[in-house]
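Below: the structure, in structure tokens.
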Amino acid sequence: MELTKYGHACVRLEKDGKVLVIDPGSFTRDPVLDGADAVLITHEHFDHVDVAKLRESSPGLEVFTCEGVAAQLSEVPAKVQVVRDGDAFETAGFRVRVFGERHAPNHPDMEIVQNVGFLVDDEVFYPGDALTVPPAEVPTLLVPTGGPWLRLAEMVNYLRTVRPARAYSTHDALYSDIGLALVDGWLKMEADKQGADIRRLAVGESVTLQGR
């Protein structure tokens, strides 16, 4: 399975000629839905779901997401299916399990929205905007590294709790070049401490993961 990092919070997984895209939001300017067979969306914030992009998608596309997002996708031609914590399904040859229910607390005046995380092929876990610890081994963690809802200590403790063999930065478009350099330093410190592959992938960079 090949994992490619796209802008901010979007990743694309490819396996056996099939393509699964996670959180194609408005900060992602690349044509990430080209050739996509399925899309997973963690929650309704615009940096994770771009409704206009999905309106232009193929009717054959499958979208799996929470109720809050599904309510916004009534005019999307794709087949939209609601999933919740504890669900499991297959799409485009990928096995997916769902963990988590709520977005991390943000601004005190902002509602805490639904947020579901996805474990793909028992290999890659994408938590969305939450620090959900799934009751399963996580070989590859897509770890949020920036955002108004996240503190550095929380991110580090999340890595130490999950203890993945690999972790790659997500949710990082709000940083300047100086901020990204800090992220690189923090992740290297944790990589050295855990003896794991923990780092930030550049936009468009890919890694090959050994699926199960």
Side-chain angles (χ1 to χ4, degrees), residues 1-6 8-15 18-25 28 32 38-43 45 47-49 62-66 69 81 83-104 113-147 149-150 154-172 183 186-187 190-191 194-201 205-212:
M1 178 165 52
E2 183 176 74
L3 180 154
T4 303
K5 168 78 163 71
Y6 284 93
H8 189 51
C10 180
V11 297
R12 183 171 161 123
L13 301 176
E14 300 186 44
K15 183 185 73 170
K18 298 293 186 178
V19 176
L20 175 68
V21 177
I22 308 178
D23 279 9
T28 304
V32 291
V39 172
L40 310 179
I41 300 171
T42 60
H43 66 285
H45 291 159
D47 55 330
H48 292 259
V49 56
E62 291 190 315
V63 177
F64 296 83
T65 188
C66 61
V69 174
Q81 299 173 71
V83 293
R84 300 173 180 83
D85 178 56
D87 285 350
F89 58 92
E90 263 196 46
T91 181
F94 294 88
R95 292 173 290 109
V96 184
R97 290 196 280 166
V98 183
F99 298 105
E101 299 179 273
R102 294 290 172 185
H103 192 289
V113 300
Q114 295 173 325
N115 181 99
V116 290
F118 298 102
L119 179 62
V120 180
D121 278 353
D122 289 329
E123 174 64 43
V124 178
F125 183 60
Y126 187 110
D129 282 10
L131 300 178
T132 303
V133 179
E137 182 184 357
V138 177
T140 304
L141 176 66
L142 296 172
V143 58
T145 56
W149 55 273
L150 182 66
E154 293 173 328
M155 183 267 284
V156 172
N157 286 334
Y158 187 47
L159 286 168
R160 293 181 182 181
T161 300
V162 177
R163 296 198 72 82
R166 293 162 295 281
Y168 304 116
S169 170
T170 187
H171 213 273
D172 49 21
V183 170
W186 297 330
L187 295 180
E190 202 56 30
Q194 294 195 31
D197 180 18
I198 300 175
R199 56 193 165 98
R200 180 175 62 88
L201 301 176
E205 185 177 355
S206 300
V207 292
T208 300
L209 306 173
Q210 184 64 44
R212 298 183 174 191

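All residue numbers refer to positions in the sequence shown, counting from 1. Everything numeric here is computed off the predicted structure, so don't read it as measured data. Scope of the values below: all heavy atoms of this structure, side chains included, with no hydrogens, waters or symmetry mates.
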Inset, instruction - Please name all residues satisfying side chain to side chain donor-acceptor pair (under 3.5 Å) with Glu14, sequence neighbours left out, ordered by chain then number. - result: Arg12

Inset, instruction - Give, for atom CZ of Arg200 and atom OG1 of Thr170, the distance between the pair rounded to the nearest 0.5 Å. - result: 12.0 Å

Legend entry - Which atom of Ala136 lies closest to which atom of Leu119, heavy atoms considered: CB-CD2, 4.0 Å

Inset, instruction - Could you pull out all residues at least two apart from Glu205 that satisfy side chain to side chain contact (heavy atoms under 4.5 Å, CB included)? - result: Arg199, Leu201, Ala202

Inset, instruction - For Ala167, check side chain to side chain contact (heavy atoms under 4.5 Å, CB included) against everything at least two apart and list the hits. - result: Leu141, Val143, Leu159, Pro164, Ile198

Legend entry - Gap between atom CG of Asp122 and atom CD of Glu137 - 0.5 Å precision: 9.0 Å

Inset, instruction - Step by step, work out the side chain to side chain contact (heavy atoms under 4.5 Å, CB included) result for Asp172 and Val183. - result: CA-CA 9 Å; Asp172 49 21; Val183 170; 5.7 Å; no

Legend entry - Those residues that, when tested against Asp47, pass salt bridge (Lys or Arg N to Asp or Glu O under 4.0 Å) (two or more places apart): none

Inset, instruction - Mind checking the OG1-CD spacing from Thr91 to Glu62? Nearest 0.5 Å is all I need. - result: 4.0 Å

Legend entry - side chain to side chain donor-acceptor pair (under 3.5 Å) partners for Tyr6, two or more places apart: none

Legend entry - Qualifying residues under side chain to side chain donor-acceptor pair (under 3.5 Å), relative to Thr145, sequence neighbours excluded: Ser169

Legend entry - Heavy-atom pair with the smallest gap, counting every atom of Val21 and Val32: CG2-O, 3.4 Å

Legend entry - 4.5 Å side-chain heavy-atom contact, Val98 and Phe89: yes

Legend entry - Taking every non-hydrogen atom, the tightest pair across Asp121 and Gly93: OD1-O, 4.4 Å

Legend entry - Non-hydrogen atoms of Pro127 and Pro144 that approach each other most closely: CG-CD, 3.9 Å

Inset, instruction - Apply ring pair (Phe, Tyr, Trp, His ring centres under 6.0 Å) to Tyr126 and list each qualifying residue two or more places apart in sequence or on a separate chain. - result: none

Inset, instruction - Determine, stepwise, if the pair Val207 / Thr140 fulfils side chain to side chain contact (heavy atoms under 4.5 Å, CB included). - result: CA-CA 11 Å; Val207 292; Thr140 304; over 6 Å; no

Inset, instruction - Report the C-alpha distance between Arg95 and Glu123 in whole Å, list the side-chain angles of each, state the deciding distance to 0.1 Å, and finish with yes or no for side chain to side chain contact (heavy atoms under 4.5 Å, CB included). - result: CA-CA 10 Å; Arg95 292 173 290 109; Glu123 174 64 43; over 6 Å; no

Legend entry - Residue list, side chain to side chain donor-acceptor pair (under 3.5 Å) with Thr42, at least two apart or on another chain: Asp23

Inset, instruction - Provide the closest heavy-atom pair for Tyr158 versus Thr132 in the form atom of the first, atom of the second, distance. - result: OH-O, 2.6 Å

Legend entry - Heavy-atom side-chain contact between Asp87 and Phe64 under 4.5 Å: no

Legend entry - Under the side chain to side chain contact (heavy atoms under 4.5 Å, CB included) test, residues paired with Arg102 that sit two or more places apart: Ile112, Gln114

Inset, instruction - Quick one: pull up CG in Asn115 and OG1 in Thr65 and give me the separation to the nearest 0.5 Å. - result: 9.0 Å

Legend entry - Rounded distance [0.5 Å steps], CD in Glu154 versus OG1 in Thr161: 11.5 Å

Inset, instruction - Please name all residues satisfying ring pair (Phe, Tyr, Trp, His ring centres under 6.0 Å) with Trp149, sequence neighbours left out, ordered by chain then number. - result: His103, His171

Inset, instruction - Taking side chain to side chain contact (heavy atoms under 4.5 Å, CB included) as the test, write out the residues that go with Arg160, two or more places apart. - result: Val156, Glu190, Lys193, Gln194

Legend entry - Residue pair Val113 / Asp129, side-chain heavy-atom distance below 4.5 Å: no

Inset, instruction - Examine Lys18 relative to Phe94 and say whether NZ or CZ is less than 6.0 Å from the centre of the six-membered ring and inside a 45° cone about the ring axis. - result: no

Legend entry - Shortest non-hydrogen separation from Ala196 to Ala165 and the atoms involved: CB-O, 3.4 Å

Inset, instruction - Give, for atom CG of Leu131 and atom CG of Asn157, the distance between the pair rounded to the nearest 0.5 Å. - result: 9.5 Å

Inset, instruction - For Glu2, enumerate each residue passing the salt bridge (Lys or Arg N to Asp or Glu O under 4.0 Å) test, keeping only those at least two apart in sequence or located in another chain. - result: none

Inset, instruction - Please examine the side chains of Phe99 and Pro135, heavy atoms only from C-beta on, and report whether any two atoms are closer than 4.5 Å. - result: yes

Legend entry - Minimum side-chain heavy-atom gap Val120-Leu40 below 4.5 Å: yes

